[in-house]
2 protein chains.
Amino acid sequence: MRNDVPFVKAMKKTNRADAQRNLDSLLEAAKAVFAESGVDAPVREIASRAGVGIATVYRHFPQRSELIAAVYRREIDACAASAQELAREHEAFEALTRWLHRFTSLIATKRGLAASLNAQDPAYQALPAYFRQHLEPALQSLLAAAAAAGRVRDDVDAYELLRGVGNLCVPVAEVGPGYPRRMVDLLIDGLRYGAPAPSGSGPRRR
Amino acid sequence: MRNDVPFVKAMKKTNRADAQRNLDSLLEAAKAVFAESGVDAPVREIASRAGVGIATVYRHFPQRSELIAAVYRREIDACAASAQELAREHEAFEALTRWLHRFTSLIATKRGLAASLNAQDPAYQALPAYFRQHLEPALQSLLAAAAAAGRVRDDVDAYELLRGVGNLCVPVAEVGPGYPRRMVDLLIDGLRYGAPAPSGSGPRRR
DNA sequence: GTCAGTACCGGAACAGTGTTCCGTATACCC
DNA sequence: GGGTATACGGAACACTGTTCCGGTACTGAC
């Protein structure tokens, strides 16, 4: 194998300094705009905020979802990595619960992100794939451990659960701010229902 | 009170025959187009299918969501009405489960409908309101009955549950066709978890 | 330092939405 | 049959995402 220097900045595929500079300010601008207006913000707004042309956005990110993934890459990776840590520090079910809560806030706090994960628009195609690739294994191992410990049922597919939680994070009008958390907790209790071993504590109450 | 003839066709606010004719073909066209292309289909397509101009659509339905609600009005009303029937014919928890399944298929089989319920676009504003107005009372009574019978927990808000189930019906790529049903079942088991009375049967297994 | 080649840039242009406006047509009432 | 209010149709506007292409300026060689 050649050129396998580890941790080389994954994004850098260009040699020209201006291109790299543009890429950086694009990511920074996108992050700011996403925080303000959600991930559905107009491309023009991101471009102008970054001080670049529209085409520059498309050159670096042919699909809008790639830009989103790039902006949140670090957070997604951190979330995936936290699974091992939680598994080390907590009992299996507790680790699973904590991770699902962490995942919940990852999704729920980014306006429009949850909806984008389900958009059938080809511009968003890469986003679910990115999430699946990075987060499914993390959840899979936590789920398997909790099931092996008899704390949750063993007939639930990790990816489906991931998407289910993601869907529950889609914000809803006329509903209190804790809605995603409450629904995810309900889903978690569904996981516990009928688990082989007694579960100790009762359901989370509001 | 004047002019309170019951069951007068709620939609008829016009006196001109051509307007009524247009309204009818508009609804028929919308129904067909929604079935083919989902509820996000272009307004122009619906208009041209109905053989009317674009403005005619907007005249009758200033908000897109009003058109959607009008098209599915009958099905929504039927779903709401079925709650009483189910409550009469089945034990409380069974009635609740069956109704939630019925609601699930109502949402899940209309492409794009689930997503539209969450769109923050003002054009879809009226849709969640319509659903809430008609379906929340139905679920509320079923939920209260099942809780009173000790079969489910009593700390879950009916509207939140309604929206939660709706969110779980948002279709997801790379997942089997039974996904919404499986997730809703999981949520239902979450309702049962820690209910006062023992629940009899175990969790639904796939 | 400067020169050439090319990688990259920017914005105009295109295409597809939703939405509004206004001159025109027509159904109803007398 | 005539007059008027009502409703109609499509052009026009505003705002998206996406593509194209002439021009710019960075890099590396000398």
Side-chain angles (χ1 to χ4, degrees), chain A residues 11-30 33-34 36-69 111-112 115-116 119-127, chain B residues 11-30 33-34 36-71 111-112 115-116 119-127:
Chain A
M11 199 141 294
K12 187 180 178 304
K13 284 176 185 166
T14 176
N15 291 320
R16 277 178 62 162
D18 58 341
Q20 183 62 44
R21 215 163 37 232
N22 278 333
L23 185 58
D24 290 343
S25 52
L26 204 48
L27 283 172
E28 198 166 342
V33 172
F34 286 169
E36 280 174 27
S37 322
V39 299
D40 295 321
V43 178
R44 280 171 178 77
E45 189 180 338
I46 298 168
S48 93
R49 176 86 68 110
V52 304
I54 308 157
T56 300
V57 182
Y58 281 95
R59 197 168 307 109
H60 289 296
F61 305 99
Q63 287 200 153
R64 180 195 199 77
S65 49
E66 293 172 31
L67 175 56
I68 301 173
R111 185 145 41 115
S116 302
Q120 56 266 43
D121 188 325
Y124 289 93
Q125 214 172 11
L127 200 53
Chain B
M11 198 142 295
K12 187 178 179 304
K13 286 175 185 168
T14 176
N15 291 320
R16 276 177 61 161
D18 59 341
Q20 184 62 46
R21 214 162 40 232
N22 278 333
L23 184 59
D24 290 343
S25 52
L26 206 46
L27 283 172
E28 197 166 341
V33 171
F34 287 169
E36 279 175 26
S37 322
V39 300
D40 295 321
V43 178
R44 281 171 178 76
E45 189 180 337
I46 298 168
S48 91
R49 177 86 68 110
V52 304
I54 307 157
T56 300
V57 182
Y58 282 94
R59 196 168 307 109
H60 288 296
F61 304 100
Q63 287 200 154
R64 179 195 199 78
S65 49
E66 293 172 32
L67 175 56
I68 300 173
V71 168
R111 185 146 40 115
S116 302
Q120 56 265 46
D121 187 325
Y124 289 94
Q125 216 172 9
L127 200 53

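- Shown here is A/E36, whose CD atom has more than 12 heavy atoms of other residues, nucleotides or ligands within 6.0 Å.
- Between B/I54 atom CD1 and D/dA7 atom P there is a gap of 19 Å when expressed in whole angstrom units.
- For the pair A/I46/A/L67, a side-chain contact is recorded, criterion being any heavy-atom separation below 4.5 Å from C-beta on.
- Side-chain contact between A/R21 and A/D24 is absent, with no heavy-atom pair separated by less than 4.5 Å.
- Regarding A/Q20, its CD atom lies at a distance of 11 Å from the P atom of C/dC9, rounded to whole Å.
- Among the atoms of the strands shown, none is found under 4.0 Å from any heavy atom of A/A47.
- For the pair B/H60 NE2 and D/dT6 C1', the interatomic distance rounds to 11 Å; values are reported in whole Å.
- At whole-Å resolution of the value, CZ in A/R21 and P in D/dC26 are 7 Å apart.
- Of the candidates C/dG10, D/dC8, C/dT20, D/dC8 carries the atom nearest the B/D18 side chain, counting heavy atoms from C-beta on.
- In this structure, A/D40 atom CG and D/dT16 atom P are separated by 12 Å, rounded to whole Å.
- A close approach under 4.0 Å does occur between a side-chain nitrogen or oxygen of A/N22 and OP1 or OP2 of C/dC9.
- To the nearest angstrom, C1' of D/dT16 lies 12 Å from CG of B/D121.
- In this entry the distance linking CG of B/L67 with P of C/dG18 reads 11 Å, nearest Å.
- A heavy-atom distance below 4.5 Å is not found between the side chains of B/F61 and B/I68.
- Considering only side-chain atoms of B/V52, the nucleotide from C/dT19, C/dG10, D/dG9 that sits closest is D/dG9.
- With rounding to whole Å, A/R44 atom CZ is found 7 Å from D/dG17 atom C1'.
- A donor and an acceptor atom sit less than 3.5 Å apart, one in the side chain of A/R16 and one in the base of C/dA7.
- Both A/R59 and B/R64 lie near DNA chain C, and the one whose nearest nucleotide falls closer to the 5' end is A/R59.
- Two residues are said to be in side-chain contact when any heavy atoms from C-beta on lie closer than 4.5 Å; A/S48 and A/R44 fail this criterion.
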